[in-house]
Amino acid sequence: MEIRTRFAPSPTGYMHIGNLRTALYEYLIAKKDGGKFILRIEDTDKERYVEGAVDVIYDTLKMTGLNHDEGPDVGGEYGPYIQSERQGLYMEYAQRLIKNGNAYFCFCTKERLDSLKSNSGDGSAFAHYDRHCMNLDHEKIAENLDNNIPYVIRQKMPAEGSTTFEDAVYGSITVDNSELDDQILIKSDGMPTYNFANVVDDHLMNITHVVRGSEYLSSTPKYNLLYDAFGWTAPTYVHLPPVMKDASSKLSKRNGDASFQDLVEKGYIAEAIINYIALLGWSPSDNQEIFTLEELKDKFSISGLSKSPSIFDPVKLTWMNGEYIKAMDFEKYFSFVKPKLEDALKNKGLDLRKIAALLQKRLETLNDVSNMVDFFDELPQYSTELYIHKKMKTTEEIALDSLSACLPVFEAIDSWTETEIHDRLMELIEQKAIKNGQMLWPIRTALSGKATSAGGATELADILGKDETIRRIKKGIELLTK
RNA sequence: GGCCCGUUGGUCAAGCGGUUAAGACACGGCCCUUUCACGGCUGUAACGGGGGUUCGAUUCCCCCACGGGUCACCA
């Protein structure tokens with residue numbers, strides 16, 4: 001049978017990392033075996049609907065390459081793929097359950113329900129619905145319906161026994177039926193609850209693997225009972241442990257934690273984000289860590305999923321992002337960095353490609369660019385102490401001597417290329433019989449005005465150009481002379 | 001509170017009765033080197049506690065502790 005998984009977000013305007021990871025695993029489970037990955041929008045809660053949120057979902061899936069085979073925007077044979085457009089369907093199925101005795105109308109008011117909770121014997125707020133409306137007779141129901149008294153439809157849970165289901169990650173889980181509330185299937189506004197819509201849609205859309213967060217683990221027996229009530233076969237359940245912010249709290253929008261969009265804005269690459277989150281809760285059978293989506297499709301397996309929560313570690317993501325930047329084809333990399341460079345540099349005469357090349361091995365996120373290239377634009381104020389470097393065996397005196405010596409050499413160079421600069425400088429070093437660092441460190445320092453820079457003396461000189469190089473060397477001499 | 005789930009270094013994690021308990025990130029050291037970085041080598045660091053079962057438990061069972069989830073006309 002063809003594997004079909006579905007990503008079923010509700011459009012609340014935000015794609016958090018845990019959600020995206022769920023989508024990834026759903027995609028991989030389907031694609032690993034040539035199955036279908038479906039997008040379904042769960043907008044049954046009118047209150048929480050956020051304008052434009054659906055676009056965030058589309059954009060994210062597109063950027064990450066988790067392309068869906070069916071969905072509101074691409075169509076498919078099981079549509080519509082937006083729950084609010086399927087409303088009539090749910091009522092029809094709920095009626096079916098009423099007919100076969102697995103559900104019933106409930107006309108209880110909000111007030112009565114509330115009093116139920118506060119009046120519960122032990123004072124706990126965890127009382128189940130007392131089934132007040134379960135055995136209403138037909139006449140009464142018809143009368144209430146005729147009088148337009150608001151109602152909900154509730155699922156009738158078995159009074160005794162227990163329900164067991166198999167989860168692909170957590171194994172066999174059993175819950176006493178007495179734990180199960182007669183949950184609402186259809187709300188008084190006519191919309192289905194998530195619990196009901198999910199089951200109906202998953203069945204109607206032929207979903208074979210239901211992948212979702214472990215917060216649904218304890219309500220899964222209710223879903224199974226619903227499948228049973230319809231006479232349907234329940235799907236394979238794959239429950240996922242949460243992605244945490246720290247040991248005791250989940251990553252969430254409330255805490256202002258990073259969403260996918262935030263991470264992209266912070267200079268992370270979509271592929272790196274996907275790669276990193278793939279490893280949050282799943283591990284391959286070997287020690288590979290860097291994966292393309294294609295490789296992931298190949299290597300992913302449900303058996304590698306973990307049961308315990310994992311903490312999102314931005315430090316490791318940053319490392320991985322750096323790995324992606326380093327490994328990237330230069331043209332692709334340049335297309336990412338170019339706008340950042342243009343943004344950071346006012347001096348439009350600089351060779352952005354050369355600067356970008358210097359940065360590629362050093363960047364961890366795209367947003368590191370501005371800090372690393374600022375000195376190209378303008379020589380910062382710096383202290384002559386920078387010229388003192390123990391390992392390079394330099395002092396301010398040596399630095400002054402080296403800068404003074406290289407100045408005429410620079411001035412004499414006609415074709416300003418990196419190799420030319422390098423060769424002439426090496427000749428000078430040989431003549432003076434000094435260590436490379438004693439000449440090159442002072443030059444690098446004079447050109448950058450910083451303790452560290454992306455690139456050494458010759459590279460910086462090449463990029464800055466002859467005039468600017470000479471100007472900065474003179475400036476260095478001036479500072480050291482005082 | 002009832003029920004469900006989880007617990008290997010700071011973090012991600014391998015392990016599925018017998019291992020010197022992998023690997024990665026981070027951190028420290030060394031090497032390379034015109035700085036920083038990259039790269040290479042290397043070091044510190046872990047089985048929550050207590051009982052069983054067993055010749056032998058990180059691995060199996062029970063209890064405890066801690067953490068999380070759930071008990072909505074939210075998903």
Side-chain angles (χ1 to χ4, degrees), chain A residues 8-10 12 42-45 47-48 106 108 110 113 122-128 150-154 167 170-171 173-176 178-181 183-189 191-195 197-198 212-221 239 241-242 244 246-250 276 279-290 304 306-320 322 326 358-364 372 386 389 391-392 422 425-426 429 435-445 448 450-460:
Chain A
S10 45
T12 53
E42 309 222 331
D43 58 346
T44 54
D45 185 3
E47 311 269 314
R48 289 190 9 176
C106 171
C108 290
K110 177 99 168 50
L113 261 19
D122 55 358
S124 77
F126 311 111
H128 282 171
Y151 66 88
V152 300
I153 296 176
R154 311 186 87 114
D167 183 83
Y170 288 91
I173 292 176
T174 301
V175 173
D176 280 343
S178 62
E179 292 291 324
L180 275 20
D181 197 9
Q183 65 174 346
I184 292 173
L185 269 18
I186 300 287
K187 301 185 259 188
S188 56
D189 65 358
M191 287 286 233
T193 56
Y194 162 85
N195 303 305
N198 232 259
R212 54 163 54 142
S214 62
E215 66 268 27
Y216 296 103
L217 219 36
S218 37
S219 42
T220 299
H239 285 94
M244 312 290 282
D246 54 49
S248 58
S249 52
K250 276 215 279 187
Y276 175 69
L279 262 19
L280 267 189
W282 173 78
S283 63
S285 48
D286 55 19
N287 270 329
Q288 186 173 348
E289 290 216 282
I290 305 292
S306 159
K307 290 185 176 72
S308 49
S310 36
I311 298 174
F312 179 84
D313 180 7
V315 175
K316 185 152 184 178
L317 201 215
T318 302
W319 163 78
M320 193 171 276
K326 272 178 288 213
L358 237 40
L359 260 34
Q360 190 168 9
K361 279 204 171 88
R362 299 160 224 254
L363 283 178
E364 288 202 298
M372 296 179 79
L386 283 183
H389 193 292
K391 210 174 111 197
M392 294 298 112
H422 175 265
L425 246 22
M426 290 322 240
I429 287 165
K435 295 183 67 78
N436 288 355
Q438 291 177 311
M439 174 61 67
L440 299 170
W441 174 261
I443 295 175
R444 191 210 63 79
T445 304
S448 66
K450 300 179 95 173
T452 67
S453 58
T458 55
E459 291 156 322
L460 299 189

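Side chains are part of it too, since the values below use all heavy atoms of this structure and drop only hydrogens, waters and symmetry mates. Quick caveat, the model's predicted, so the values are computed rather than measured.
Contacts of A/Met392 with the nucleic acid, taken as non-hydrogen atoms under 4.0 Å apart, involve only primed sugar atoms and P, OP1 or OP2. Contact annotation for A/Tyr216: base contact, defined as any heavy-atom pair under 4.0 Å involving a base atom. Across all strands, A/His239 comes closer than 4.0 Å to no nucleic acid atom at all (heavy-atom distances). Here A/Thr174 lies in heavy-atom contact (under 4.0 Å) with sugar-phosphate atoms only. Residue A/Cys106 is classed as having no contact, given no heavy-atom separation below 4.0 Å to the nucleic acid. No engagement by A/Thr12 is indicated, since no non-hydrogen atom pair under 4.0 Å with the nucleic acid exists. Backbone-only contact: A/Val315 has heavy atoms under 4.0 Å from sugar-phosphate atoms and none from a base. Within the nucleic acid shown, A/Ile311 comes within 4.0 Å of sugar-phosphate atoms alone, with no base atom in reach, counting heavy atoms only. At the heavy-atom level, A/Ala247 lies under 4.0 Å from the strands shown only through sugar-phosphate atoms. As judged by a 4.0 angstrom heavy-atom cut-off over every strand, A/Gly281 is placed among residues touching the sugar-phosphate backbone only. Across all strands shown, A/Glu179 has heavy atoms under 4.0 Å from base atoms, whether or not it also approaches the sugar-phosphate.
Contact between the side-chain N/O atoms of A/Asn436 and the OP1/OP2 oxygens of B/rU34 is found at a separation under 4.0 Å. The side chain of A/Thr193 contributes no N or O atom lying less than 4.0 Å from OP1 or OP2 of B/rC73. Proximity of A/Thr445 to the phosphate of B/rU35: no side-chain N or O atom is located under 4.0 Å from OP1 or OP2. Residue A/Lys187 has a polar side-chain atom (N or O) positioned under 4.0 Å from OP1 or OP2 of B/rA75. For B/rA13, one of the phosphate oxygens OP1 or OP2 lies less than 4.0 angstrom from a side-chain nitrogen or oxygen of A/Ser310.
Side chain of A/Val175, nearest nucleotide from B/rC4, B/rG39, B/rU70: B/rC4. Comparing atom distances between the A/Trp319 side chain and each of B/rC4, B/rA14, B/rA26 picks out B/rA26 as nearest. Relative to the side chain of A/Asn195, the nucleotides B/rA75, B/rU34, B/rC73 differ in distance, and B/rA75 lies closest. Nearest to the side chain of A/Ala457, among B/rC38, B/rU70, B/rU34, sits B/rU34. The A/Thr452 side chain lies nearest to B/rU35 when the options are B/rU35, B/rU34, B/rC38. For A/Ser283, counting side-chain heavy atoms from C-beta on, the closest listed nucleotide (B/rC73, B/rA13, B/rU35) is B/rA13. Residue A/Ile184 places its side chain closer to B/rC73 than to any other of B/rA24, B/rC73, B/rA13. Listed nucleotides: B/rA24, B/rA72, B/rG6. Nearest to the side chain of A/Ser308: B/rG6. Residue A/His389 has its side chain nearest to B/rU35 when only B/rA24, B/rC38, B/rU35 are considered. The A/Leu280 side chain lies nearest to B/rC12 when the options are B/rC12, B/rG67, B/rU35.
Atom CG in A/Asn198 sits about 15 Å away from atom P in B/rC74, given to the nearest Å. Atom pair A/Met244:CE and B/rG6:C1' shows a separation of 10 Å (rounding to whole Å applied). Taking atom NZ on A/Lys435 and atom C1' on B/rC32, their separation rounds to 14 Å, with Å as the unit. Atom-to-atom, CZ of A/Arg212 to P of B/rU70 comes out at 13 Å; the value is rounded to the nearest Å. The distance between atom CG of A/Leu279 and atom P of B/rA22, rounded to the nearest whole Å, is 20 Å. The distance between atom CZ of A/Arg444 and atom P of B/rU34, rounded to the nearest whole Å, is 13 Å.
Atom C1' of B/rC47 sits at a distance of 13 Å from the matching atom of B/rA13, rounded to the whole Å. Across the C1' atoms, B/rU59 and B/rU44 are found 27 Å apart, a figure rounded to whole Å. B/rA72 and B/rC25 have their C1' atoms separated by 41 Å, given to the nearest Å. Taking atom P on both B/rA75 and B/rU70, the two are 14 Å apart, rounded to the nearest angstrom. Nucleotides B/rG1 and B/rU58, compared at atom C1', are 33 Å apart to the nearest Å. One C1' atom belongs to B/rU20, the other to B/rG28, and the distance between them is 23 Å to the nearest Å. One P atom belongs to B/rG18, the other to B/rC61, and the distance between them is 16 Å to the nearest Å. With both ends at atom C1', the span from B/rA21 to B/rG15 equals 8 Å, rounded to whole Å.
Taking the nucleotide of RNA chain B with the nearest heavy atom to each of A/Leu217 and A/Ala451, the more 5' of the two is matched to A/Leu217. The residue among A/Leu440 and A/Asn287 whose nearest nucleotide of RNA chain B lies closer to the 5′ end is A/Asn287.
Base pairing of B/rU35: no nucleotide in any strand meets the Watson-Crick or G-U wobble criterion (both distances under 3.5 Å). A 3.5 Å limit on both hydrogen-bonding distances identifies no Watson-Crick or G-U partner for B/rA75. Pairing of B/rA21, defined by two Watson-Crick or G-U wobble distances under 3.5 Å, is not identified with any nucleotide. Base pairing annotation: B/rC3 forms a Watson-Crick or G-U wobble pair with B/rG69, both donor-acceptor distances under 3.5 Å. Look at B/rG28: its Watson-Crick or wobble partner, with both distances under 3.5 angstrom, is B/rU42.
You'll find the side chain of A/Tyr170 reaches within 4.5 Å of the side chain of A/Pro241, heavy atoms only. Contact annotation: the side chain of A/Leu440 never approaches that of A/Met392 to less than 4.5 Å [non-hydrogen atoms, C-beta and beyond]. With contacts defined as side-chain heavy-atom distances shorter than 4.5 Å, the pair A/Met426/A/Asn436 qualifies. Considering only heavy atoms from C-beta on, A/Leu460 stays 4.5 Å or farther from A/Ile443 through its side chain. Taking the side chain as every heavy atom from C-beta outward, A/Glu459 and A/Leu358 approach each other to under 4.5 Å. A/Glu289 places a side-chain heavy atom less than 4.5 Å from the side chain of A/Lys316. Looking at A/Met320 and A/Leu279, their side chains come closer than 4.5 Å, going by heavy atoms from C-beta outward.
The base of B/rC36 sits with one of its N or O atoms less than 3.5 Å from a complementary donor or acceptor on the side chain of A/Arg362. For A/Lys391 against B/rU33, a side-chain N or O and a base N or O form a donor-acceptor pair under 3.5 Å. Judged by distance alone, with hydrogens and angles left aside, A/Lys316 brings no side-chain donor or acceptor close enough to the base of B/rA26 to form a pair under 3.5 Å. Side-chain N/O atoms of A/Ser219 and base N/O atoms of B/rU70 include no donor-acceptor pair closer than 3.5 Å. No N or O donor and acceptor, one from the side chain of A/Ser218 and one from the base of B/rC4, sit under 3.5 Å apart.
Of the possible donor and acceptor atoms, one in the side chain of A/Arg444 sits under 3.5 Å from a partner among the backbone N and O of A/Lys450.
Here the closest non-hydrogen pair linking A/Gln288 and A/Asp286 is N-OD1, 3.2 Å.
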Handout entry: Derivation of the side chain to side chain donor-acceptor pair (under 3.5 Å) call for A/Thr220 and A/His239
Key = CA-CA 10 Å; A/Thr220 299; A/His239 285 94; 3.2 Å; yes
